[in-house]
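To keep things clear, I will list the structure first and then write my remarks on it.
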Protein chains: 2
Amino acid sequence: MDDSPRYRPLYRQVYDFLVKQIAEGDWRPGEMLPSEQALAAKLRVSQGTVRKALDTLATDKLIERRQGKGTYVVEQTQELSLFRFFRLASPGGQRAIPTSAAEIVKRRVAKPADIQQLHLDPGAPILEIRRTRLIEGRPVCWERIVIPLKMFPNLDRHHPMPNALYALYQREYGVNIASADEELSADLARGEDVRRIGVSAGAPILQISRIAVALNGSRAEWRVSRCDTRTFIYSVQLS
Amino acid sequence: MDDSPRYRPLYRQVYDFLVKQIAEGDWRPGEMLPSEQALAAKLRVSQGTVRKALDTLATDKLIERRQGKGTYVVEQTQELSLFRFFRLASPGGQRAIPTSAAEIVKRRVAKPADIQQLHLDPGAPILEIRRTRLIEGRPVCWERIVIPLKMFPNLDRHHPMPNALYALYQREYGVNIASADEELSADLARGEDVRRIGVSAGAPILQISRIAVALNGSRAEWRVSRCDTRTFIYSVQLS
DNA sequence: GAGTGGTCTAGACCACGCA
DNA sequence: GCGTGGTCTAGACCACTCT
C-alpha cells in the first residue's frame with residue numbers, strides 16, 4: 001500500500017496520465033484512443049514506453065487492444081460487468097445472467113456499519129436498494145446495496161434501477177469499478193430470505209458481502225447478497 | 001482452451017522452454033536461473049525476448065525476479081501456498097495459517113464422482129485424506145482430499161501428511177499447482193461436521209469444492225472443505 | 001566494481017482489419 | 001494499401017546487491 005514514489009518510471013507516469021484521461025472522461029467508454037505512435041509523439045516518449053503503459057492498462061481491464069484496429073476504452077456493458085463480478089453459476093461452470101425484481105429504493109443516513117464498510121463520515125446520506133435476483137425466472141438470491149449519495153448524486157432518479165449498476169456508475173458518474181473484495185459465509189434462512197427467495201426458515205444460505213472499489217481506490221458500494229445455493233453455486237478461480 | 005499454434009511468437013517458445021526446464025526439475029525450486037544475457041546467448045534470441053518470457057513466468061508466479069540479484073524458481077513454501085489458496089480469514093481481512101489434526105489416509109478405487117471431478121479412467125487408484133483444520137488451535141473446518149495415485153505414487157508414505165500439500169507435490173513430484181477452481185455453497189451441518197468441528201447439527205456450513213490444476217493443465221487434486229464461518233470467513237478479491 | 005534485473009530508446013518487420 | 005497493434009532486435013544507461 002505504500003507506493004512511495006521515490007523514483008517514478010516513465011511508463012508509470014504515462015500510465016497515470018492515461019488513467020486520468022479515462023477517469024475524467026476525456027476518452028469515453030467505447031471510444032478509440034490515439035494510436036501508440038500518436039501518444040508517443042504527444043508525450044515525447046518512445047513508442048515502447050507508451051506500449052508498456054497500455055499493456056498494463058489492458059491487464060487492468062481498463063482498455064481493450066484489438067490488433068489492426070486500435071485501442072479502446074472498455075465499455076462496462078451488462079454482460080461484461082455481470083460476468084466479471086456476478087459469480088453464481090450452475091455446478092460445472094455454466095455462468096448465468098440474472099434479472100431483478102421486487103426492488104425497493106430509499107434514502108437514509110449512514111448507520112455505523114455503513115460508515116465502517118464504506119469509510120464514510122458520520123451522517124453521510126446514502127441510498128439503500130433491496131432487490132431480488134432471478135436466474136431463468138427463478139429467485140436465487142436477494143441483495144441489499146448501500147451507495148454513498150455524495151459519490152452518486154440523484155442516483156435514485158432511475159426506476160427501476162438497471163440490472164447492471166456498474167455500467168451506470170461508469171456511464172453517468174465516470175466511476176470505474178476496478179475490483180471487489182468479497183467475504184463469504186454460511187447462514188440460516190430467516191424472514192426476508194423466506195419472503196424473497198422462497199426457501200423455508202432454517203435452510204442454508206450463502207451470504208456474500210462485497211465492497212466495490214473504484215479506480216481511484218475509494219469505496220463505491222457495499223452489497224450484501226444472500227443466496228440459495230441448491231441449484232446455483234458460487235464459482236471462483238484462484239491463481 | 002484452443003491455443004491453436006498456427007503462429008508461435010518467439011517469446012512464447014522461450015516461455016515454453018523455460019516452463020519445461022522447471023517442470024522437469026532442471027532448475028530446482030529456490031535455485032537461481034541463468035541471467036537474461038546468458039539465456040539470450042544460449043537460445044540465440046535477444047535479451048528483450050527472454051525478458052518478455054521471464055516477465056510472463058513471473059506473473060504466473062513460477063519464478064521470482066530480484067533486482068540486482070537474479071531470477072529464482074519460486075519455492076512452494078508453507079506460507080506461500082497457504083496464503084495463496086487458503087482463503088479463510090477473520091472478518092476485515094486478517095489472514096490466518098491453519099494446522100491439521102485427526103488425519104485419516106486410505107487408498108481406494110476412484111468412484112464415479114472422483115472420475116468426473118479429476119477426469120480419471122474408471123478403476124484408477126486414488127488416495128483419500130480426511131483431516132480437521134484448526135486456526136489458533138480451534139477447529140474451523142475439515143476436508144476430504146482425493147488425489148490420483150498415478151500422478152503421486154506412494155504419496156501415503158508420509159504420515160502424517162504435511163500441512164501444505166502443494167509444497168510436497170512440487171518438491172517430490174515436480175507438480176506445480178498453477179490454479180484452483182473453487183465452487184462454494186451453503187449447507188447444514190451433519191454427522192462428520194458435528195464430530196470434527198464441534199458445531200451442532202443443522203448449523204450453517206460453508207462448503208468449498210476445489211479442483212487444483214497443475215501447470216500442464218492436468219487435474220491434480222479434488223478437495224472438499226466444510227467450514228464453520230462463525231469466526232472465520234472466506235475472503236476473495238475479484239479484479 | 002562487477003553482475004544482475006529494470007528502464008528507455010529507435011527502428012525494422014509481421015499479422016490483422018478494413019476500405 | 002494503409003493504419004493499427006504485435007514481435008523482435010541491439011544497444012545505452014539506471015538501480016540494486018554483494019564482495
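All chains are named by letter (A, B, ...) in the order of the sequence lines, taking the proteins before the strands, and each is independently numbered beginning at 1.
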Could you pull out every donor-acceptor pair under 3.5 Å between side chains of residues 66-74 of chain A and any protein atom, sequence neighbours left out?
unit_1: A/Arg66; atom_1: NE; unit_2: A/Glu64; atom_2: OE1; d: 3.3
unit_1: A/Arg66; atom_1: NH2; unit_2: A/Glu64; atom_2: OE1; d: 3.3

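When all heavy atoms are compared, the tightest approach of B/Ile177 to B/Gln76 is O-NE2, 4.3 Å. Closest of all the heavy-atom pairs between B/Glu103 and B/Pro160 is OE2-CA, 3.3 Å.
The nearest whole Å value for the distance from the OH atom in A/Tyr72 to the C1' atom in D/dG5 is 11 Å. The interatomic distance linking B/Glu64 (CD) with D/dT17 (P) rounds to 14 Å, in whole Å.
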Nucleic acid footprint by protein, nucleotides 3-8 of chain C - heavy-atom cut-off 4.0 Å, B for base, S for sugar-phosphate alone: BBBBBS
Hey, mind stepping through A/Gln37 and A/Gln47 against side chain to side chain contact (heavy atoms under 4.5 Å, CB included) and telling me if it holds? CA-CA 6 Å; A/Gln37 291 289 1; A/Gln47 189 188 352; 2.9 Å; yes
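Judged purely by atom type and a 3.5 angstrom limit, A/Arg210 uses its side chain to pair as donor or acceptor with the backbone of A/Phe85.
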